[in-house]
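Shown next, in structure tokens, is the structure this report addresses.
Sequence lines set the chain letters: A, B, ... in the order given, protein chains first and strands last, and positions in each chain run from 1.
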There are 2 protein chains.
Amino acid sequence: MWRQLLPASACRPLQTRLLSTRRTASSETISALKDLLGDRLSTSRSVLEQHGTDESYHKVTPPDAVAFVESTQEVSQILKVEPENMSCRVQAGVTRELLNTDLRATGLFFPVDPGANASIGGMINTNASGTTTVRYGNMKTNVMALTAVMADGSIIKTGSKTRKSSAGYDLTRLIIGSEGTLAVVTEAELRLFGNPEAEKTMICSFNTMKDAVETCAAVMQMGIPVALMELMDENAVEAINKTEEAVEWSPLGLVSQMPGSRGLVTDVAVPPSKLADVIVETQVDLKETGLFGAIVGHVGDGNFHAMIPFYQDNQELMTKVKSFSNRLVERALAYEGTCTGEHGIGLGKMNYLSVEHRDSVDVMHTIKKALDPKDIMNPGKMFYGNAPSY
Amino acid sequence: MWRQLLPASACRPLQTRLLSTRRTASSETISALKDLLGDRLSTSRSVLEQHGTDESYHKVTPPDAVAFVESTQEVSQILKVEPENMSCRVQAGVTRELLNTDLRATGLFFPVDPGANASIGGMINTNASGTTTVRYGNMKTNVMALTAVMADGSIIKTGSKTRKSSAGYDLTRLIIGSEGTLAVVTEAELRLFGNPEAEKTMICSFNTMKDAVETCAAVMQMGIPVALMELMDENAVEAINKTEEAVEWSPLGLVSQMPGSRGLVTDVAVPPSKLADVIVETQVDLKETGLFGAIVGHVGDGNFHAMIPFYQDNQELMTKVKSFSNRLVERALAYEGTCTGEHGIGLGKMNYLSVEHRDSVDVMHTIKKALDPKDIMNPGKMFYGNAPSY
């Protein structure tokens, strides 16, 4: 019945929204939940719409209700930090920035940084990564253990507080990136790192995109320890230079150059040796399609985003943007890449998933059906067969 | 029908043994496989026993037959190395040492080192790690993609050649550490690292075990880049000093001091802050129980092995050894640790798994039943309910 946890500050209780994409929860269900949660269950239209919206171009898909849940044990501690273990336990609603603010006195930090000030629960659900992944890894390498609620209501604890374990199936990493379709994560044990003693930032300009990407690949092969390695194409640099206010990383200043527009952000990743070719071909494609867009990349990981501003009511532009996105994914898959390096499948990439994992998507679906036979965990997401018709 | 792949040099074909622990394959099955494989299916007693033995104290459990399988596509390439991607694709039967010998000219190496010259397939099945894990991670962090055969005969490809992906459930890491109970791994894409330009080895002596372990914890917290960090107690040092021939890492020279004995090797891991206490308590336990044994540890990971030589026909000694092992696991779990850092569950730790993952072992079993409804993949392993009675 529960949907993935939404970003919520640690001062506020965890928030959970009820499913809505495929079917409507019965009024009995809503009424029973009202009895359980009282004022903490909301069915007000504005709250529902607020929780049915994200940064994507997908239509608003409001849930049936939003539950402002508190922790299972109503624990008062938000963070339980053990600096000597270089780990800490947090509730899923804690945001990344709040966590790192609270950790400051310990000299440790949690390194995964997807750009936005996301909640740890949300980052677990999409297997988030970002600028620092080239050095510190992603959520899969930095989450050690989880507490999660399964579809039958059982509460499980996965993993352990040890640095490694070979005890049974890795449910921790099965749940990370499962986008709320298998479990609702309520707590996580996170791996922490010491703050670097010193940092240096370098900005290098290159005559061609190919030179830039190949230089990055060489730096990686030489094992030079970089904490971040980000690439921007000429449009991205221009957009940033034009934007006077503090630049939000995504969707840069592009959208502000097209007032009233929204941005589509692609997310392919390819093997490092293919990155230069894929980016150059993508730039050519943008030019030939007549689309305005910028490319930024987590170039050390072979992952890059093309950001294309568009007006949702311009049907011709929307068609162009979508077919550009399709071609980009085809290109990435042809180069043995993935349709999503860090954003996840959700609603928008279900068809890409079934192409990319043609052989194994049935195995994924078998696991989904075994663990959630009634299809109540974030239904209509990830698997094409379950998709609602929009 | 297939069991986990066994170590095999890359010059020899992959080897696979048929199940045998729980039931006997029908003569029709054996005969059909003879038709398929000819001389490459062996039912000779000596071959069966050779493939039903390992380093543990468990009784020989011979399979019904051993199949010397070749690769699906009978590819002639054993290694497909892409140095510019810092990865390579290997068959599951390739051994670690052979792989690194072949990689030498590229300046790259595969870092996971469990001590023995294991096959990559075997290392995947147990989620192997070892001396270098403190710096380079274990199999879960260094295997990017798999080709595997599922219980229904379907061949799946999991993961991708990219450094990261958020496309669907992480079947790669679900299969790693599943000990052949979910799939037979036939190929793997491995992450490679550049050889370090220089290495320094330090040997430090400490007056107490506590001082030694706490120094290691401090080194880790300070972020000093160590490639290995190994601990030996006084018995381990003495055993090595007494052994004149080249020392095999496990079970050290201990067994040679008790001719005709075998060694039990425990494998608990605990959070770093608890390691000193657990090791000291374990030493006291050994002394009080009157057992002779040595402790060596991958101390940067909180993982250590107690090695106890024993004579299988000495019932009193066997009972002592087993109850020592039980107490050690209880101690590790009380300190929020795991019963196995890197060896896996197999036959010997099924009861420990059900205690350690009391909450989630049912979820693991549900996945097992969904993906292998006939229970033909390495049956009788990992899950207590499936265990054969010995």
Side-chain angles (χ1 to χ4, degrees), chain A residues 82 84-86 126-127 129 133 138 140-141 150 155-158 160-171 173-174 176-178 194 217 221-223 269-273 301-303 336-345 353 356-357 359-361 363-364 366-367 369-371 382, chain B residues 82 84-86 126-127 129 133 138 140-141 150 155-158 160-171 173-174 176-178 194 217 221-223 269-273 301-303 336-345 353 356-357 359-361 363-364 366-367 369-371 382:
Chain A
E82 298 189 53
E84 71 282 17
N85 283 332
M86 301 180 80
T126 59
N127 181 28
S129 56
T133 296
N138 60 11
K140 279 187 191 158
T141 51
M150 306 303 289
I155 298 168
I156 66 166
K157 291 189 177 197
T158 72
S160 78
K161 278 170 73 170
T162 56
R163 286 234 171 278
K164 63 187 195 188
S165 173
S166 288
Y169 301 160
D170 192 339
L171 300 181
R173 265 142 286 269
L174 182 66
I176 297 173
S178 68
Q221 278 175 42
M222 290 163 76
V270 294
S273 66
D301 304 317
N303 180 212
E336 300 182 86
T338 177
C339 66
T340 175
E342 57 187 20
H343 294 170
I345 299 299
L353 177 67
E356 180 175 338
H357 284 301
D359 303 315
S360 62
V361 78
V363 175
M364 296 179 197
T366 301
I367 293 170
K369 285 182 287 188
L371 296 182
M382 193 177 288
Chain B
E82 297 189 54
E84 72 281 18
N85 283 332
M86 301 181 79
T126 58
N127 181 30
S129 56
T133 297
N138 60 10
K140 279 188 190 158
T141 50
M150 305 303 288
I155 298 168
I156 67 166
K157 293 190 176 194
T158 72
S160 77
K161 279 171 71 170
T162 55
R163 285 229 169 283
K164 63 187 196 187
S165 173
S166 289
Y169 300 159
D170 192 339
L171 300 181
R173 264 143 285 269
L174 182 66
I176 296 173
S178 68
Q221 277 175 43
M222 290 163 76
V270 294
S273 66
D301 303 317
N303 180 211
E336 300 183 86
T338 177
C339 66
T340 175
E342 56 186 20
H343 295 170
I345 299 299
L353 176 68
E356 179 174 337
H357 284 301
D359 304 315
S360 62
V361 77
V363 175
M364 296 180 197
T366 301
I367 293 170
K369 285 182 284 187
L371 296 181
M382 193 177 289

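Residues B/Glu336 and A/Thr162 approach most closely at O-CG2, 4.0 Å, considering heavy atoms.
Only the side chain of A/Leu353 comes within contact range of chain B, with at least one heavy atom under 4.5 Å from a heavy atom of that chain. Contact annotation for A/Ala217: neither backbone nor side-chain heavy atoms come within less than 4.5 Å of a heavy atom of chain B. Only the side chain of A/Met382 comes within less than 4.5 Å of a heavy atom in chain B; its backbone stays farther off. For a residue to count as touching a neighbouring chain, one of its non-hydrogen atoms must lie under 4.5 Å from one of that chain's; by this rule A/Glu356 touches chain B with the side chain only. For A/Met150, the part sitting under 4.5 Å from any heavy atom of chain B is the side chain, from C-beta outward, and nothing else. At a 4.5 Å heavy-atom cutoff, the contact between A/Lys140 and chain B is made by side-chain atoms alone.
Not counting sequence neighbours, the partners of B/Ser166 by the side-chain contact (heavy atoms from CB on, under 4.5 Å) test are A/Asn127, A/Thr340. Residues passing the side-chain contact (heavy atoms from CB on, under 4.5 Å) test with A/Thr141, sequence neighbours excluded: A/Asn138, B/Thr141.
Ranked by heavy-atom pairs shorter than 4.5 Å toward chain B, the options A/Cys339, A/Gly302, A/Gly344, A/Gly194 are led by A/Gly344. Interface check for chain B: of the options A/Ala370, A/Ser360, A/Ser273, the most heavy-atom pairs under 4.5 Å are formed by A/Ser273. Across B/Glu84, B/Lys157, B/Lys369, B/Arg163, the residue that shares the most heavy-atom pairs under 4.5 angstrom with chain A is B/Glu84. Your options are A/Gln221, A/Arg173, A/Met86, and the one with the most heavy-atom pairs under 4.5 Å with chain B is A/Gln221. The most heavy-atom pairs under 4.5 Å with chain A, out of B/Thr158, B/Val361, B/Ile176, B/Thr338, come from B/Thr338. Note: A/Gly168 leads A/Ser129, A/Gly168, A/Gly223, A/Ser160 in heavy-atom pairs under 4.5 Å with chain B. Contacts with chain B were tallied for A/Ala167, A/Gly177, A/Ala269; A/Ala167 has the most, counting heavy-atom pairs under 4.5 Å.
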Legend entry - Verdict with reasoning, A/Asn303 to B/Lys164, per side chain to side chain donor-acceptor pair (under 3.5 Å): CA-CA 8 Å; A/Asn303 180 212; B/Lys164 63 187 196 187; 3.2 Å; yes
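Note that the CD1 atom of B/Ile345 and the NE2 atom of B/His357 stand 7.5 Å from one another [nearest 0.5 Å]. Between atom CG of residue A/Leu174 and atom CG of residue B/Leu171 there is a gap of 7.5 Å, rounded to the nearest 0.5 Å.
The closest side-chain heavy-atom distance from B/Thr366 to A/Leu371 is below 4.5 Å.
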